[in-house]
Every structure is written in C-alpha cells, then in structure tokens.
Protein chains: 2
Amino acid sequence: MKSRATKTKTAKRRIEGPARRAQILRVAGDMFSKDGIDATSMRRIAAKAGVTATLLYKHFADKDALLSAIGDAFFEKLNADLEQTSIKGLKDPVARLRALMHAYVRCGIANPREYHLTFMTALPQLRRDAKMKNFRERMRRGEAIPAEEITLGMMCFARLEQAVADVVDAKLTRVKDVAALAEAVWAGGHGLVSLIITHRDFGFTNVDRLIEISTDLFLHGALKD
Amino acid sequence: MKSRATKTKTAKRRIEGPARRAQILRVAGDMFSKDGIDATSMRRIAAKAGVTATLLYKHFADKDALLSAIGDAFFEKLNADLEQTSIKGLKDPVARLRALMHAYVRCGIANPREYHLTFMTALPQLRRDAKMKNFRERMRRGEAIPAEEITLGMMCFARLEQAVADVVDAKLTRVKDVAALAEAVWAGGHGLVSLIITHRDFGFTNVDRLIEISTDLFLHGALKD
DNA sequence: CCATCGAGGTGAACACTGTCAACTTAGTTG
DNA sequence: CAACTAAGTTGACAGTGTTCACCTCGATGG
C-alpha cells in the first residue's frame with residue numbers, strides 16, 4: 001500500500017515529469033518543423049512551453065538530445081508506415097519490396113524536417129549508426145538480440161532487409177548479397193527523398209513520376225532478365 | 001597610360017581586394033572542412049586570416065554568402081572531374097554514363113563537407129535551384145542561353161543529361177524521358193554519396209562494392225532486356 | 001508534527017555567436 | 001594640397017547554448 005500511495009500521490013505534483021517532457025517535445029517538434037532547426041532556440045521553445053530555458057536542461061542533456069528525441073518520434077512514424085505495408089499482405093515479394101520503398105519515400109517527403117534531422121544530419125554522440133553496425137554484425141552471426149536493445153531504426157532497416165531477402169530467396173535477383181542489396185535499395189530511396197526535400201525549387205519534371213521511374217529502375221535493375 | 005598606372009599602383013595597397021577575398025576563402029574553406037560548418041565562426045575565420053571579423057562583411061554579405069562561395073569552388077572541382085571523364089572519350093554511351101556516375105560519387109565522397117554544403121543544405125536565398133529550373137525550362141524550349149548566365153551547376157547537370165541522352169538516342173533504354181531519367185540517375189548517385197558521408201559508422205558491408213552494385217542496378221534497370 | 005529530501009522550477013550570469021554603424025588609416029588622383 | 005575611396009578597426013547590440021546557485025513545495029521518514 002505504501003508504494004502505491006507514493007506513486008499516486010507523487011502524480012499530483014504540479015506537472016509530472018513525463019508530461020512536461022512530452023509537452024516540451026510537442027512544442028519543440030512543432031516549432032522545429034515550422035521554423036527549422038537553427039531558428040528555433042532553446043529559449044523560444046521554453047517560452048512557448050510557458051517555462052524557463054533552464055528547465056529544458058533538466059529533461060534533455062542539450063539541444064542535440066532534444067532534437068534527437070524528436071528524431072525518435074519520426075522513427076516511430078516511419079516504422080509504423082513500413083509496418084502498414086507489411087500488413088497489407090502482398091504475396092509477390094517484388095510488389096512487397098516496391099510497396100516498402102514507396103512507403104519510405106512518401107514518409108520522408110511528408111516529414112521533410114524530421115527526415116533531414118534523422119537521416120541527413122550527423123549526430124555522432126548519439127551513436128545511432130554505431131549501434132546499427134553492432135546490431136547488423138550480431139544479426140549476421142545469428143546472435144539473438146535482447147528486445148530492449150532493438151531500436152526503431154533497427155526495426156525499420158530489418159523490415160527492408162527482410163523484404164529484400166524474400167526477393168532474393170525467391171531466386172528472382174541477379175545479385176544475391178542481401179545486405180549489400182538492402183543498402184543499395186536504401187540508398188536509392190534515400191537519394192529520392194533527400195533530393196526532393198532539399199531541392200524543392202529545382203523543378204523536377206514530375207515528382208510522382210520520378211519516384212515511379214526511380215523505384216522501377218531499381219527493381220528492374222535488381223531482377224533477372 | 002593613366003588607367004594602366006592606376007591599376008599597377010592600386011596593386012601596391014596593403015593587400016588588394018581580390019587577394020584578400022581569395023585568402024579568406026582559402027582559410028574559411030580549410031577551417032570549415034576540418035571543423036565543420038557550425039564550429040567555424042566568422043570571428044575565428046577572421047582571426048586565422050589575421051584580420052577583424054568585420055572585414056569579412058566587406059567581402060561577403062553574410063556567413064551564408066561566404067559558405068556559398070566555398071560551395072562554388074566545389075562545383076568547380078566537380079565540373080572538372082566530370083569533364084575529365086568526358087575527355088576519356090569512351091565510345092559506348094553506357095560506359096560513359098557509368099563513368100560519369102562514378103566520377104560524381106567519388107568526388108562527393110572525397111569532399112564530404114563541401115558536398116553536404118552544396119547538395120544537402122538548403123540555402124534558398126542563393127536561388128541556385130530556381131535558376132536551375134529556369135535554365136532547364138529554357139533548354140527544353142530550345143532557347144539559346146547566354147554564356148554568362150550558365151553556372152557550373154548547370155554545366156554539371158547538362159553533362160549528366162547529355163550522357164543520358166546519348167544512351168536514350170542509342171535506343172538502349174526502356175524509359176525515353178531524358179529529363180526524368182537524368183533526375184533519377186542523379187537521385188541514385190546522390191543517395192549513395194549522402195548516405196555514405198553522413199552515416200560513416202553505419203557499417204556498410206563494403207563501400208566500393210556498394211557503389212558498384214548500386215550503379216549497376218541503376219544502369220541495368222534503365223536498359224532494355 | 002517536524003525536519004529533511006528531492007523534483008520542479010527560476011534568475012542571473014558566462015562565453016560565445018552573426019552582424020552593423022561609426023570610425024580611422026593609407027594610398028590615389030584631380 | 002584637398003578630396004576621395006578602398007581597406008581595415010572599435011565597440012556595440014541582440015541573441016545563442018549552457019550552467020550554477022538558488023528557491024519552492026509536496027511527500028516522506030522519524
């Protein structure tokens with residue numbers, strides 16, 4: 001009873017920690033995706049959250065940590081989108097891979113700032129890539145990986161790799177190296193997204209058609225005959 | 001004689017304008033590509049150039065302008081690299097396109113900071129993309145474009161588009177839309193470069209092989225049969 | 001019931017940043 | 001020599017990320 005009472009009563013503070021944190025994340029996410037990363041200062045985020053800048057540092061080590069937390073939210077979105085396409089239950093592995101590429105590209109284009117933050121900005125102190133590398137090495141060695149070590153980024157890439165593996169397993173591809181092929185497919189999708197979101201005024205002949213042609217090129221290029 | 005004297009004597013000032021400008025560009029380029037864009041402040045650039053920060057603003061409107069000037073230098077490099085591959089005089093249009101893609105990717109990987117600055121950072125006030133769009137529209141309409149309006153970026157893209165056109169003209173491709181195909185090829189190369197330079201720790205199975213596979217996928221995907 | 005503790009929150013400061021108006025300096029020219 | 005102009009500096013403004021010392025107040029153990 002004591003511990004239960006503790007928990008319920010602690011919840012009655014002013015605003016509970018997690019709620020504040022969530023509020024800050026919401027506000028920061030809004031401002032950041034409206035005004036951009038540089039134009040959104042810690043002080044302005046704090047002001048909009050009705051709080052002092054100092055408080056932000058009780059919830060996030062620094063600005064990068066705050067932004068990276070927003071990045072995590074994007075991974076959530078991306079992972080959900082990719083999961084959606086798996087749920088559709090397309091039987092043809094090639095159609096599945098195509099659907100996955102489309103989902104990736106559309107999600108990136110729909111959330112340009114977040115995409116830029118997570119995939120086009122190097123935040124080495126997060127060690128996201130290093131963890132990814134470790135994850136992939138252990139996967140290759142067939143090790144079992146504890147659920148709590150699996151990040152959303154890993155989930156996303158694993159989905160892609162699985163889709164690629166399915167196509168390879170069906171003996172439909174020229175190249176058989178699943179890992180390398182998955183990387184190539186990612187590079188293809190990433191190229192599309194990053195080009196389109198950073199060069200909005202370039203005057204691409206037709207973005208939808210470009211996406212279509214590009215994914216087609218990739219898939220056709222990967223397949224036999 | 002008067003005007004000649006003016007010019008020669010003016011050269012004896014302290015340091016002539018253009019020389020200072022070049023020096024600043026050199027110093028800034030060095031610092032920027034060693035320490036990164038944010039860690040390189042105007043004051044530190046100035047200090048290293050043995051000058052006050054204020055003076056930088058007599059040569060460049062603001063920091064973005066300075067960085068964009070450095071970007072221009074990268075376009076020079078890129079354009080030279082692409083030209084080199086044309087000079088090689090490969091007869092097979094497919095081999096030519098492949099060589100061009102390789103040159104692009106290698107140049108990007110060899111100059112990651114500059115690549116990031118020019119292709120992965122949106123500097124709308126430069127209107128580079130808008131000019132590009134205008135250029136391409138006029139090209140499509142068959143207009144002649146005055147040499148002084150042609151930027152190095154345009155040259156680069158035109159080289160790519162030409163290489164693609166050669167392949168299309170040889171009736172080797174499935175898709176015949178040169179513009180869209182060129183955009184897709186660019187997206188492919190760009191995806192490779194940007195992924196590799198931002199995610200150095202991702203643990204790509206083998207970068208050289210990835211480039212090989214990726215370009216192959218693209219080319220094979222574009223060709224008939 | 002009261003001292004204490006810790007989480008939520010603040011104010012003021014530090015060392016920076018990009019930028020600019022006002023000023024000095026020094027070389028050229030009529 | 002006087003006037004002009006390009007090269008360069010001083011000193012400030014407003015804003016940045018971040019931190020330290022401090023306060024407040026509800027919950028808790030004695």
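Hydrogens, waters and symmetry mates are skipped; everything else that's a heavy atom, side chains included, is used. Note on naming: letters A, B, ... go to the chains in the order of the sequence lines (proteins, then strands), and numbering restarts at 1 for each one.
The side-chain contact (heavy atoms from CB on, under 4.5 Å) search around B:Glu76 returns B:Leu152, not counting sequence neighbours. In this structure A:Phe135 satisfies the ring-ring contact (aromatic ring centres under 6.0 Å, His included) test with no other residue, sequence neighbours excluded.
A ring-centre distance under 6.0 Å is not found for A:His116 and A:Phe32.
Between the NZ atom of A:Lys63 and the C1' atom of D:dG15 there is a distance of 12 Å, rounded to whole Å. Distance B:Phe60 CZ to D:dA7 P: 13 Å, rounded to the nearest Å. The distance between atom CG of B:Asp62 and atom C1' of C:dT17, rounded to the nearest whole Å, is 14 Å. Straight-line distance from the CG atom of A:Leu66 to the C1' atom of D:dT16: 15 Å, rounded to whole Å. Atom NE2 in B:His59 sits roughly 13 Å away from atom C1' in D:dT9 (whole-Å rounding). A:Leu56 places its CG atom 12 Å from the P atom of D:dT19, with the value rounded to the nearest Å. Between the CD1 atom of B:Ile24 and the P atom of D:dG8 there is a distance of 8 Å, rounded to whole Å. A straight line from CD1 of A:Ile45 to P of D:dG15 spans 16 Å, rounded to a whole angstrom.
Listed by first and then second residue, the salt bridge (charged side-chain N to carboxylate O under 4.0 Å, His left out) pairs involving residues 189-214 of chain A are A:Arg106-A:Asp208, A:Arg209-B:Asp177 (not counting sequence neighbours).
A donor-acceptor pair under 3.5 Å links the side-chain atoms of A:His102 to the main chain of A:Arg98, judged by distance alone. Side-chain atoms of B:Ser214 do not come within 3.5 Å of backbone N or O of B:Ile211 as any donor-acceptor pair.
A salt bridge links B:Arg138 with B:Glu149: at least one charged nitrogen is closer than 4.0 Å to a carboxylate oxygen.
Among all heavy-atom pairs drawn from A:Tyr104 and A:Leu82, the shortest one is N-CD2, 4.0 Å.
Under 4.0 angstrom from either OP1 or OP2 of D:dA7 there lies no side-chain N or O belonging to B:Lys58. For C:dT17, the OP1/OP2 oxygens have no side-chain nitrogen or oxygen of B:Arg44 closer than 4.0 Å.
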Distance-only criterion, 3.5 Å: show the donor-acceptor pairs between side-chain atoms of residues 42-51 of chain A and protein atoms not counting sequence neighbours.
| from | atom 1 | to | atom 2 | distance (Å) |
| --- | --- | --- | --- | --- |
| A:Arg44 | NH1 | A:Ala39 | O | 2.4 |
| A:Arg44 | NH2 | A:Asp35 | OD2 | 3.4 |

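Applying a 4.0 Å cut-off to non-hydrogen atoms, none of the residues of residues 67-74 of chain B approaches DNA chain D.
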Distances under 3.5 Å only, N/O to N/O: pair up the protein atoms with those of nucleotides 12-16 of chain C.
| from | atom 1 | to | atom 2 | distance (Å) |
| --- | --- | --- | --- | --- |
| C:dA13 | N6 | A:Arg43 | NH2 | 3.1 |

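With C:dT19, C:dT10, D:dG17 as the candidates, the nucleotide lying closest to the side chain of A:Tyr57 is D:dG17.
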